[in-house]
Amino acid sequence: MNVRKMTDLDLDGQRVLIREDLNVPVKNGQVTSDARLRAALPTIQAALEAGGKVMLMSHLGRPTEGEPAEEFSLAPVAEHLSGLLGRPVRLVEDYLETAPAFTDGEVVLLENVRFNKGEKKDDEALAKAYAALCDVYVMDAFGTAHRAQASTHGVARFAPAACAGPLLAQELEALEKALATPKRPMTAIVGGSKVSTKLEVLNALSEKCDRIIVGGGIANTFIAAAGYNVGKSLHEADLVEAAKALMDKVEIPLPSDVVVATEFSDSATAVTKPVDQVNDDEMILDIGPDTAARLGEQLKAAGTILWNGPVGVFEIDQFGHGTEALSYAIAESDGFSIAGGGDTLAAIDKYGIADRVSYISTGGGAFLEYVEGKVLPAVAALEAAAK
Ligand SMILES: Nc1ncnc2c1ncn2[C@@H]1O[C@H](COP(=O)(O)OP(=O)(O)OP(=O)(O)O)[C@@H](O)[C@H]1O
Ligand SMILES: O=C(O)[C@H](O)COP(=O)(O)O
């Protein structure tokens with residue numbers, strides 16, 4: 001990676017704009033898993049110690065672009081981060097109109113970049129506006145390095161100086177080392193709710209892995225491809241043909257039993273049933289216990305495990321047993337395990353297996369795309385800026 005590093009630059013007195021991935025789960029105005037915030041702390045502290053005037057920026061969730069909404073505000077993140085850093089973190093909303101002022105000892109957090117029109121399209125004018133806020137731009141958001149957006153990509157072209165932050169550099173080095181000569185069999189677990197983007201990644205993974213375990217909305221798409229009714233489950237009907245093609249290329253064990261409910265809520269009644277008996281008014285929200293036991297045995301025998309995405313709606317306890325069982329199987333496996341993703345980190349915390357996973361990455365989709373062998377757009381932008 002031929003990029004400038006934050007540690008190579010003199011930050012003293014400079015306005016330092018750090019893009020972090022502070023996209024963490026928030027419930028009722030509280031951060032429920034702060035792993036990504038803790039991972040960003042060493043970078044923030046190093047920039048402060050080097051005398052930088054620190055501004056952080058991040059997205060949170062997937063709001064409708066250009067429409068600020070309280071549910072996607074970084075306010076809970078500012079509060080939580082302030083506790084972790086032991087200093088005030090001031091959330092600034094109007095930074096595109098007025099450049100934020102700095103007070104000693106304070107960190108500035110720019111409100112959700114996805115509230116700005118053009119962020120996701122990598123709009124040049126927006127990228128220039130971000131660049132104008134700083135003397136040094138630091139890309140440290142490994143979890144969002146697979147997105148070519150104004151705050152992760154475009155800004156690097158226009159900032160007076162652009163460099164990689166310590167977390168981004170450390171993640172890339174650790175993954176490169178871990179994946180250089182993976183022990184076989186290599187098994188990937190891909191779950192969660194981002195069906196269309198992650199199904200594409202499965203194609204590349206099918207070339208590298210010996211087996212792919214699917215969960216969440218992704219598994220539901222495969223269940224539909226196998227000809228079963230998935231009722232109201234999250235799935236991607238358009239991708240059923242793509243799922244069929246994948247099943248011909250690599251072993252993708254399908255759930256034999258599933259946990260369903262007729263509503264998506266904390267108080268929903270969970271019913272376990274065979275996969276071929278899902279009704280039209282039901283949603284598949286977890287893998288069943290027989291499936292979890294079978295997949296758990298396969299995981300224990302794996303040489304390398306790559307895990308992104310919970311296999312069920314684990315935030316609701318009655319739909320968390322599948323993710324819990326697979327977490328314990330990963331913890332018990334002698335294979336080298338790599339896990340990453342915002343909600344995956346939350347599941348790792350919930351089931352207390354962090355010290356038994358060989359490497360935990362802050363990236364989910366980013367880590368999968370790295371495994372694919374793709375050059376991450378944010379890294380490419382830093383490489384171009386270093387020329
Ligand atoms: N069967 C299902 N139906 C609907 N949602 C599901 C299902 N299974 C899991 N989920 C949801 O998927 C979400 C996590 O998916 P996601 O793809 O965002 O994973 P992640 O680990 O955060 O990765 P990334 O960092 O790429 O976002 C969780 O909120 C979980 O409740
Ligand atoms: O959680 C993630 O994978 C990153 O924060 C990227 O989020 P996105 O998939 O909404 O771009």
Please determine if [X] and [Y] form a salt bridge, counting it only when a charged side-chain N lies under 4.0 Å from a carboxylate O.
X: E383; Y: K387; result: no
X: K5; Y: E173; result: yes
X: D34; Y: R38; result: yes
X: R211; Y: E251; result: yes
X: E315; Y: K27; result: no
X: R184; Y: D210; result: yes
X: R36; Y: E20; result: no
X: R90; Y: E106; result: yes

Measure the [atom1]-[atom2] distance between [X] and [Y] for me, rounded to the nearest 0.5 Å.
X: I348; Y: D343; atom1: CD1; atom2: CG; value: 11.0 Å
X: R356; Y: I330; atom1: CZ; atom2: CD1; value: 11.0 Å
X: L9; Y: C163; atom1: CG; atom2: SG; value: 4.5 Å
X: L41; Y: L81; atom1: CG; atom2: CG; value: 6.5 Å
X: F319; Y: I284; atom1: CZ; atom2: CD1; value: 12.0 Å
X: T197; Y: E236; atom1: OG1; atom2: CD; value: 9.0 Å

When you compare the side chains of [X] and [Y], does any donor N or O come within less than 3.5 Å of an acceptor on the partner?
X: T43; Y: D140; result: yes
X: D280; Y: N229; result: yes
X: R19; Y: S151; result: yes
X: Y328; Y: E332; result: no
X: T187; Y: Q298; result: no
X: E171; Y: S361; result: yes
X: Y95; Y: N116; result: yes
X: D257; Y: T291; result: yes

[Y] and [X], any side-chain heavy atoms less than 4.5 Å apart:
X: I305; Y: S333; result: yes
X: V260; Y: T272; result: no
X: L60; Y: V77; result: yes
X: L48; Y: L11; result: no
X: V214; Y: N220; result: no
X: E67; Y: R114; result: no
X: H59; Y: T144; result: yes
X: T362; Y: D21; result: no

Any chain of hydrophobic side-chain contacts (each under 4.5 Å) joining [X] to [Y]?
X: V275; Y: F222; value: no
X: Y228; Y: V240; value: no
X: V311; Y: I338; value: no
X: L110; Y: F158; value: no
X: L254; Y: V195; value: yes

Can a donor-acceptor pair be found, under 3.5 Å and without considering hydrogens, that links the side chain of [X] to the backbone of [Y]?
X: D281; Y: T262; answer: no
X: D135; Y: R15; answer: yes
X: S233; Y: H235; answer: no
X: T32; Y: P25; answer: yes
X: S206; Y: L246; answer: no
X: E65; Y: K120; answer: yes
X: T304; Y: M186; answer: no
X: E111; Y: L74; answer: yes
X: R4; Y: A161; answer: no
X: K300; Y: A331; answer: no

Can you see which heavy atom on [X] is nearest to which on [Y], and at what distance?
X: I213; Y: P253; value: CG1-CG, 4.2 Å
X: F115; Y: S73; value: CZ-N, 4.0 Å
X: A385; Y: A156; value: CB-O, 3.8 Å
X: A339; Y: F367; value: C-CE2, 4.2 Å
X: L17; Y: C134; value: CB-CB, 3.6 Å
X: I218; Y: G191; value: CD1-O, 3.5 Å

message = Determine whether V258 and I223 satisfy the following criterion, side-chain contact (heavy atoms from CB on, under 4.5 Å), listing intermediate values before the conclusion.
response = CA-CA 10 Å; V258 290; I223 293 171; 4.3 Å; yes
task = Determine, step by step, whether I189 and L306 satisfy the side-chain contact (heavy atoms from CB on, under 4.5 Å) criterion, reporting the C-alpha distance in whole Å, the side-chain angles of both residues, the deciding distance to 0.1 Å, and the verdict.
result = CA-CA 6 Å; I189 310 171; L306 309 174; over 6 Å; no
ask   = Going through the checks in order, is the side-chain contact (heavy atoms from CB on, under 4.5 Å) test met by L126 and E119?
value = CA-CA 7 Å; L126 182 60; E119 165 62 20; 3.9 Å; yes
For [X], look at atom [atom1] and say whether over 12 heavy atoms of other residues, nucleotides or ligands are found less than 6.0 Å away.
X: D8; atom1: CG; answer: yes
X: K249; atom1: NZ; answer: yes
X: E263; atom1: CD; answer: yes
X: E97; atom1: CD; answer: yes

ask   = Of H153, R157, Q149, R147, which meets side chain to side chain donor-acceptor pair (under 3.5 Å) against D122?
value = H153
D317 vs K350, salt bridge (Lys or Arg N to Asp or Glu O under 4.0 Å): CA-CA, chis, key distance, verdict = CA-CA 10 Å; D317 287 342; K350 180 166 180 176; 2.7 Å; yes
message = What verdict does the side-chain contact (heavy atoms from CB on, under 4.5 Å) test give for L205 and L368, after you've listed the backbone C-alpha separation in whole Å, the side-chain angles of each residue and the deciding distance to 0.1 Å?
response = CA-CA 8 Å; L205 284 180; L368 291 179; 4.0 Å; yes
